[in-house]
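Take this structure, written in structure tokens, and hold onto it; I'll ask about it next.
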Amino acid sequence: MNNDSPLYGFRFLFVVTTAFVLLTIPFHLKPDNFIVDDGYFYLVIARNIALGHGSTFNGIMPTNGYHPLWMLICVCAAYITKVSTHLVQLVGTISDGLVLFSIFILVYICKVSKLKGATAGIAVIVFMTTTLGICRILEADLSFALQLVILSLLVRWQENNTPLNFARGLLLGLVLGLAVLARLDLIFFVFVVFLSVVFFLFVQTGGRQYAWLPKALSVGSACSIVLCPYLYWNYREFGHIVPISGAINSNFLQGLHVPLYCGPVIIASLLNIVFYVKQNRSAFATVVLITSAATLVHLVYTILFGNVSAWYLTT
């Protein structure tokens with residue numbers, strides 16, 4: 001398909017944007033019908049931080065039970081307004097913007113990959129984020145957007161046969177680090193992406209004299225620089241590098257319990273891996289493999305060590 005196809009032109013994007021905005025109206029009219037408790041917890045802590053009470057839920061006891069990058073965005077919103085209803089609307093609008101941005105990134109990936117399936121993906125995103133409403137004012141929209149940015153970089157570089165140089169490695173590492181800060185268990189997604197990048201670099205250089213190593217280190221170093229301040233703060237203030245809930249869950253096997261809504265995700269991921277394991281894969285097929293592998297690794301951990309909520313499944 002030609003990259004200049006009208007399918008991805010202004011008219012298409014205008015229709016998609018208009019439809020999405022209209023579907024967000026019910027949330028802004030009746031936000032309480034769409035928000036799970038965790039969304040309100042973010043705003044309460046964010047307002048306490050903005051008021052100078054520190055990272056506390058009740059103004060007294062410190063807490064780190066949140067994903068830091070989304071909390072930072074919520075804190076910025078709380079500096080703008082501390083009125084509860086206004087704060088919900090503001091953060092909800094930010095979430096809407098992130099979802100719309102994700103839709104545009106998905107269209108971009110399909111355009112670069114010369115595919116026509118953007119509308120099918122958009123339908124899924126819109127349904128999950130507007131009709132179900134389970135991701136409202138949570139970190140899911142931010143983590144989803146950052147994952148799509150990462151995948152769009154991989155697609156563009158592979159489609160254009162652009163080698164991963166030091167500067168591109170730093171850029172990718174930066175976004176990988178931000179993705180983990182957006183949702184901490186995206187460490188599995190980031191790890192799978194990093195391994196795939198190392199593999200690509202190894203293949204490109206033929207593995208000769210560790211020529212791939214400096215570029216791989218640029219990705220890992222940039223990611224680490226983004227993550228280390230948060231990990232250090234956690235360890236200094238709470239005695240562990242991850243939030244206390246994560247530390248507890250990581251130490252106790254919960255047994256095998258797979259919620260029904262995980263079934264389609266697992267089946268689709270396995271089918272993707274079987275279908276796309278072939279020679280001369282397209283860039284799109286490569287990112288499908290990466291996301292499917294990352295999804296399965298993440299689910300194995302989450303199912304074994306805790307409960308899976310629907311908004312965990314952004315990958």
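Residues take their numbers from the sequence shown, with the count starting at 1.
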remark   = Closest heavy-atom pair, T314 versus S143, reported as atoms and distance to 0.1 Å, is OG1-OG, 3.6 Å

task = Examine the side chains of D38 and Y42 and answer whether a donor and an acceptor come within less than 3.5 Å of each other.
result = no

Partner of Y301 under ring-ring contact (aromatic ring centres under 6.0 Å, His included), chosen from F191, F188, F189 =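 Filter result, single survivor: F188.
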
Value rounded to 0.5 Å, distance of CH2 in W70 from CG in L142 = 6.5 Å

task = Among T24, N33, D96, find the residue that satisfies the side chain to side chain donor-acceptor pair (under 3.5 Å) test when tested with R136.
result =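 The passing option is D96.
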
inquiry  = Does Y66 form a ring pair (Phe, Tyr, Trp, His ring centres under 6.0 Å) with F41? I'd like the steps, not just the answer.
reply    = CA-CA 9 Å; Y66 48 78; F41 296 160; over 10 Å; no

ask   = Does one hydrophobic cluster hold both L289 and L271, with members joined at side-chain heavy-atom distances below 4.5 Å?
value =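 Different clusters.
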
query = Quick check: are there more than 12 heavy atoms from other residues, nucleotides or ligands sitting under 6.0 Å from OH of Y232?
reply =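 Not buried by this count: 12 neighbours or fewer within 6.0 Å.
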
Rounded distance [0.5 Å steps], CG in L90 versus CG in L43 =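 Separation between the atoms: 9.5 Å.
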
inquiry  = Check the orientation of H298 and Y312. Use parallel for under 30°, tilted for 30 to 60°, and perpendicular for over 60°.
reply    = tilted

key: Gap between atom CG of L115 and atom OG of S282 - 0.5 Å precision   = 6.5 Å

Distance, nearest 0.5 Å, that separates OH of Y79 from CZ of R47 =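 It is 14.0 Å, given to the nearest 0.5 Å.
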
message = Main chain of M61, side chain of N58: is a donor-acceptor contact present, judged purely on distance under 3.5 Å?
response =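 Yes; at least one donor-acceptor contact below 3.5 Å.
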
ask   = Under 3.5 Å, side chain of N48 to main-chain N/O of T56, donor-acceptor pair present?
value = yes

message = I need the I122 CD1 to F104 CZ distance, nearest 0.5 Å.
response = 9.0 Å

query = Using a distance-only test with no angle check, is there a side-chain donor-acceptor pair under 3.5 angstrom linking D32 and Y40?
reply =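 Yes, a side-chain donor-acceptor pair sits under 3.5 Å.
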
N/O donor-acceptor pairs under 3.5 Å from side chains in residues 162-179, not counting sequence neighbours:
residue : atom : partner : partner atom : Å
N165    : OD1  : A167    : N            : 3.3
N165    : OD1  : R168    : N            : 2.8
R168    : NH1  : P163    : O            : 2.9

query = Does OH in Y235 sit with more than 12 non-hydrogen atoms of other residues, nucleotides or ligands closer than 6.0 Å?
reply = no

ask   = Same cluster for V21 and F101 if Ile/Leu/Val/Met/Phe/Trp/Tyr side chains link at under 4.5 Å?
value = no

